Amino acid sequence: MERLGITRWIVAALMLAIAPASIALGKGEAAAATKSPGDAKEKPACWRDRYTLGPEDILNFSLFGHPDLDRGQLFVQPDGTITYLQAQNVQAEGLTIDELRAAIEKQLSEFYKQPRVIISPVELRSKKYFILGKVVDRGAFAMDRPITILEAVARSRGLETGLFQQNTVELADMARSFLIRKGQRMDVDFQKLFYDGDMTQNIELEPQDYLYFSSANTDEIYVLGEVNSPNPQGFTPRLTVLAAITQRDGFTKAAYRERVLVVRGSIKKPQLFVVDTNAILKGRAPDFPLEPKDIVYVSNRPWKVAEDMADAAVSTFIQAAVTTWTGDSIGPLIKHQLIPTGDVH
């Protein structure tokens with residue numbers, strides 16, 4: 001098929017393949033969920049099977065037979081509780097609407113004969129996903145219905161674009177974009193999704209997912225691990241591993257200098273290079289030239305197999321990339337292996 005521009009592809013895909021859906025709220029309240037072509041054999045995400053309430057959700061309450069006791073726009077409080085009439089500070093967080101109804105009816109039964117409470121959602125804000133990087137609108141978005149990657153990008157008003165040689169180009173680097181879920185990088189090929197239209201990659205998001213679109217027009221490298229000032233830095237011509245480490249204030253005392261890892265290319269299928277900086281300093285080996293977007297990772301322990309360190313390098317890169325965009329740490333996102341093994345050179 002002819003390669004479409006990313007923004008045009010998003011619009012076409014949404015028009016052809018994505019239908020509106022609503023969240024399953026509890027027993028007897030199930031609703032249809034959006035499915036991508038690759039999801040036919042997958043089980044629905046557990047958060048949709050049993051949607052639980054949380055802080056910031058807004059609910060309407062009424063007591064059957066007592067219209068004067070209707071209460072609207074009641075918030076689940078930051079501590080996870082909600083109050084309706086004499087049912088004070090009832091724990092709502094982690095409960096479905098049906099379970100909350102039963103808990104409130106139990107407390108109200110001391111004041112009313114066989115109370116029948118009716119709860120209807122106004123806004124569901126407690127379930128959120130995060131989209132960062134080269135999209136027009138970045139930040140946290142309420143997951144008020146099932147939503148796929150393409151829908152999330154469209155909701156953020158698409159990917160950022162810019163002018164290059166009088167042509168409009170997308171500014172996202174799909175090879176280095178990623179989706180983090182529960183501390184793990186999901187196996188999503190953004191190049192196949194956005195460039196080739198492979199809808200099997202258009203998976204549904206889940207609460208607390210972090211969707212990040214890396215910048216394609218930033219010439220920088222990341223120097224991470226056991227250096228005194230780990231951070232991204234601008235790329236300059238003829239930049240080498242030792243020069244980059246020197247610019248980050250050198251090694252820490254714990255640095256393992258005999259095997260410094262350079263990760264190049266896609267984080268899904270990276271190339272791995274092992275550099276002996278001790279040999280370079282002693283004149284036994286030439287310094288290693290870097291390329292834009294390389295990751296230079298210095299370990300704090302000896303290692304033999306590059307793949308063993310690749311996970312730590314990419315994990316640290318992902319944390320640094322997200323932190324760069326948010327301006328603050330947003331928590332320990334990475335806890336497990338993130339990438340498959342790559343080619344070692």
Side-chain angles (χ1 to χ4, degrees), residues 173 175-191 210 212 214 220-233 235-236 238-324 329 331-345:
D173 180 357
R176 290 196 164 213
S177 299
F178 51 83
L179 171 63
I180 297 296
R181 175 175 299 164
K182 296 179 181 178
Q184 292 184 306
R185 186 178 67 83
M186 298 298 292
D187 187 21
V188 177
D189 192 322
F190 287 88
Q191 291 175 302
Y210 289 85
Y212 181 82
S214 184
E220 63 184 10
I221 62 168
Y222 282 78
V223 184
L224 306 170
E226 292 298 327
V227 293
N228 287 306
S229 301
N231 253 320
Q233 68 181 58
F235 177 82
T236 56
R238 296 184 292 277
L239 184 64
T240 63
V241 167
L242 274 182
I245 292 172
T246 301
Q247 291 178 25
R248 302 319 309 165
D249 297 328
F251 294 104
T252 67
K253 293 181 179 179
Y256 182 55
R257 306 184 186 195
E258 293 182 4
R259 295 178 71 82
V260 172
L261 185 68
V262 176
V263 180
R264 177 171 295 168
S266 166
I267 62 173
K268 186 176 177 62
K269 296 179 179 179
Q271 290 181 297
L272 307 177
F273 302 87
V274 180
V275 180
D276 185 346
T277 58
N278 281 345
I280 296 171
L281 288 170
K282 294 176 181 179
R284 297 201 304 264
D287 204 347
F288 185 85
L290 296 174
E291 295 182 4
K293 301 179 184 178
D294 280 353
I295 301 169
V296 178
Y297 184 74
V298 182
S299 175
N300 63 354
R301 60 183 175 85
W303 54 273
K304 292 184 178 180
V305 181
E307 286 82 358
D308 293 344
M309 284 297 104
D311 175 53
V314 174
S315 299
T316 308
F317 160 75
I318 289 174
Q319 290 177 320
V322 174
T323 301
T324 298
S329 174
L333 302 182
I334 317 304
K335 297 179 181 178
H336 306 287
Q337 185 174 357
L338 297 173
I339 60 173
T341 58
D343 297 327
V344 183
H345 297 263

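Note that the coordinates shown come from a computational prediction; the quantities given were computed from them, not determined experimentally.
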Self-check item: Polar side-chain atom of R248 near backbone of P230 as donor-acceptor pair, under 3.5 Å
Solution: no

Quiz item: So do V223 and N231 actually touch side chain to side chain, heavy atoms under 4.5 Å?
Solution: no

Quiz item: Which heavy-atom pair separates G225 from Y297 by the least distance, and what is that distance?
Solution: CA-CE1, 3.8 Å

Practice problem: Measure from the side-chain N and O atoms of R264 to the backbone N and O of F273, and report whether any donor-acceptor pair falls under 3.5 Å. | Solution: no

Quiz prompt | Interatomic distance, L242 atom CG to L281 atom CG [nearest 0.5 angstrom] | solution = 5.0 Å

Quiz item: So, R259 side chain and K304 main chain: donor-acceptor pair closer than 3.5 Å or not?
Solution: yes

Practice problem: With rounding to the nearest 0.5 Å, note down the distance linking CG in D287 to CD1 in I280. | Solution: 4.5 Å

Quiz item: Which atom names give the shortest non-hydrogen contact between A313 and L261, and what distance separates them?
Solution: CB-CD2, 4.2 Å

Self-check item: Rounded distance (nearest 0.5 Å) linking atom OG1 of T236 with atom CD of Q247
Solution: 5.5 Å

Exercise. Determine the interplanar angle of the Y212 and F178 rings, folded into 0 to 90°, and report it as parallel if under 30°, tilted if 30 to 60°, perpendicular if over 60°.
Key: parallel

Quiz item: T277 versus F288: any side-chain heavy-atom pair under 4.5 Å?
Solution: no

Practice problem: Using atom types as modelled and distance alone, determine if a side-chain donor or acceptor of S214 lies under 3.5 Å from a backbone N or O of S177. | Solution: no

Quiz prompt | Sub-4.5 Å side-chain heavy-atom contact between L290 and V241 | solution = yes

Quiz prompt | Which atom of R257 lies closest to which atom of N278, heavy atoms considered | solution = CB-OD1, 3.7 Å

Self-check item: Heavy-atom pair of closest approach, residues D249 and S229
Solution: OD2-OG, 2.6 Å

Self-check item: Residues that T252 engages under side-chain contact (heavy atoms from CB on, under 4.5 Å), provided they are two or more places apart
Solution: E226, N228, A254, A255

Practice problem: Ignoring hydrogens and angles, tell me if any N or O in the side chain of R176 forms a donor-acceptor pair with the backbone of K293 under 3.5 Å. | Solution: yes

